[in-house]
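Down below is the structure, laid out as structure tokens.
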Number of protein chains: 2
Amino acid sequence: MLPKQRQDQIVRALRADGAGGVKVLAGKLGVSEATIRRDLEQLHAEGRLTRVYGGALAVDGGDEPFADVNAIHAEEKDRIARRAAELVTDGESLLLDIGTTALRVAQHLHGRSLTVVTSNLAVLEELQNDEQIELIVLGGFVRRSYRSLVGYLTEESLRQIHVDWLFLGTSGVRPDGRVMDSTMIEVPVKRAMIKAADQVVLLADRTKFPGHGVARVCEPGELSMVVTESGADEATRAQLTEAGVKVVLA
Amino acid sequence: MLPKQRQDQIVRALRADGAGGVKVLAGKLGVSEATIRRDLEQLHAEGRLTRVYGGALAVDGGDEPFADVNAIHAEEKDRIARRAAELVTDGESLLLDIGTTALRVAQHLHGRSLTVVTSNLAVLEELQNDEQIELIVLGGFVRRSYRSLVGYLTEESLRQIHVDWLFLGTSGVRPDGRVMDSTMIEVPVKRAMIKAADQVVLLADRTKFPGHGVARVCEPGELSMVVTESGADEATRAQLTEAGVKVVLA
DNA sequence: GCAGGCTCGATCAAACTCGTTCATGAATCT
DNA sequence: AGATTCATGAACGAGTTTGATCGAGCCTGC
């Protein structure tokens, strides 16, 4: 990427988020923090952003809280996401589900050569400026509360593609191994996603074992792998293993 | 290949990708980096691209988005966008094209009860938090430099929907009334958009009359209306009127 | 108000890019 | 045929960008 392009993207990223930390920007754009600092200095001199300690603010909407920049990550959930990201080899394609779980996976994909397909608007924002990643957005109706795309357009788009990996979130896994979800409207999309992937990986921290949900997404047999953590209910894990699902502890 | 041909191709490549590095262009065109540098120097002198360290950027010519330097005709372009937004009645659906022109229309839609369909990521960002608006995103490959979605997924999504209004941007309208675009890759998407709308409205400020572009988007007869401003070339306007297009001055 | 962790700018070496120069070969002119 | 023009690629020194490192300064929690 050209230096000028990178600087344009920094400005764009700040417009989207209101603010950005040096470390975050460096990760997003795949360069060192030193380079980001130099860019910020230059852009500040040009009046295209406001430099602050730890990062920069967008120049117009500069009243956003900067606290988010140093937000603390939920360490455990992040470990699961990191483990999931390690499963994928460069050059492969993956499908990221709706929800924060999938967003966390996306955060670990920066700088890698991958094709990412998603209906998750938070993932789109996260990876929008990452040149390395070929990003494909599924169509659909914007569901603001969940920052996602749903509906028949999404399902139709899924029928047009096929990927190596699917990373699926869930509201909970029932004791018999069935994967559940709390919102009906997402279920047809999740089913279509399962059909569009070779490997279906479920991401679920220990609080999802066992868990509830009104809508059944799929049977355990439809999963290839479950990434979870130690502390997840033994019986449910056994049920999954029996169904031929590989259970990985992050 | 002739030098002129090669230079045209460089300009075309930049329009498609937004920017290009010397090394990348040399590889693409099968010549040495020295030759590319000489070409870039010459094209820069002709104003057909912007030279930057490491390569070149596409020049702001067509309905080219997000180059940050478009504060020039902002006032006039905004008047056209406002006029366009007034055409739509609450409860109706509209399709917004790629580009800054469509983004400006979106900025005038806040708070209204409408269904907005788009493949423009800037429009998505603009309307994402507007509860009143039902927002539908077309699928597709993310084209970062233009903040848009393109490709067969986009076209396929367009086949699934139909809207009342389409607001179309352009790089220029030829003297015979043909609507042109500067980037080939957008054309199939724009054609699919035209098919998916009852009323096709072209938005074009006076600098687009007459204008050029490598790719033909549609014949004047396919348009329902053109919103422009006084000062736009009379002859071209007459040509449009003759083709049955209503020409509105903002 | 103190300690520990971050962030900062400065500095340096390595990698990259730039414009210039020169030699080569093809096409055109004399 | 010989001379001239022109585009091209290789080579080179100068200038630019980048990432790593380091000491100084700033923030936060105790």
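Every chain is numbered from 1 and lettered A, B, ... according to where its sequence line falls, protein lines coming before strand lines. Owing to the predicted nature of the structure, the values given are computational and were not obtained by experimental measurement.
Taking every side-chain heavy atom of B:Lys23 into account, C:dT17 is the closest of C:dT7, C:dT17, D:dT18. Relative to the side chain of B:Ser32, the nucleotides D:dA20, C:dC8, D:dA10 differ in distance, and D:dA10 lies closest. Checking C:dC18, C:dT7, D:dG9 against every side-chain atom of B:Tyr53, the shortest atom distance belongs to C:dC18. Considering only the side chain of B:Val22, C:dC18 comes nearest among D:dG19, D:dG9, C:dC18.
Distance A:Lys4 NZ to C:dC18 C1': 15 Å, rounded to the nearest Å. The nearest whole Å value for the distance from the CD atom in A:Glu33 to the P atom in D:dG19 is 11 Å. Computed from coordinates, the A:Gln5 CD to D:dT18 P distance equals 12 Å when rounded to whole Å. One can place NE2 of A:His44 at 16 Å from C1' of C:dT7, the figure rounded to the nearest angstrom. For the pair A:Arg6 CZ and D:dG19 P, the interatomic distance rounds to 7 Å; values are reported in whole Å. In this entry the distance linking CG of B:Asp39 with P of C:dC18 reads 13 Å, nearest Å. Per the geometry, CD1 belonging to A:Ile36 stands 17 Å off C1' belonging to C:dC6, to the nearest Å. Remark: P of D:dA7 and CG of B:Leu29 are 17 Å apart, rounded to the nearest angstrom.
Counted within 6.0 Å of CD on B:Glu41, heavy atoms from surrounding residues, nucleotides or ligands total 12 or fewer; the atom is thus considered open.
Taking 4.0 Å as the cut-off between side-chain N and carboxylate O, B:Arg37 and B:Glu33 count as a salt-bridged pair. A salt bridge links B:Arg48 and B:Asp8; the closest N-O separation between the charged side-chain nitrogens and carboxylate oxygens is under 4.0 Å.
Contact annotation: A:Arg37 does not reach the phosphate of D:dT18 (side-chain N/O to OP1 or OP2, under 4.0 Å). In this structure, B:Arg51 reaches the C:dG19 phosphate: one of its side-chain N or O atoms is under 4.0 Å from OP1 or OP2.
A donor-acceptor contact under 3.5 Å links the side chain of A:Arg38 to the base of D:dG19.
Using modelled atom types and a 3.5 Å distance limit, the side chains of A:Arg147 and B:Gln128 yield a donor-acceptor pair.
Take A:Lys190 and apply the salt bridge (charged side-chain N to carboxylate O under 4.0 Å, His left out) test, not counting sequence neighbours, and it matches A:Asp97, A:Asp181.
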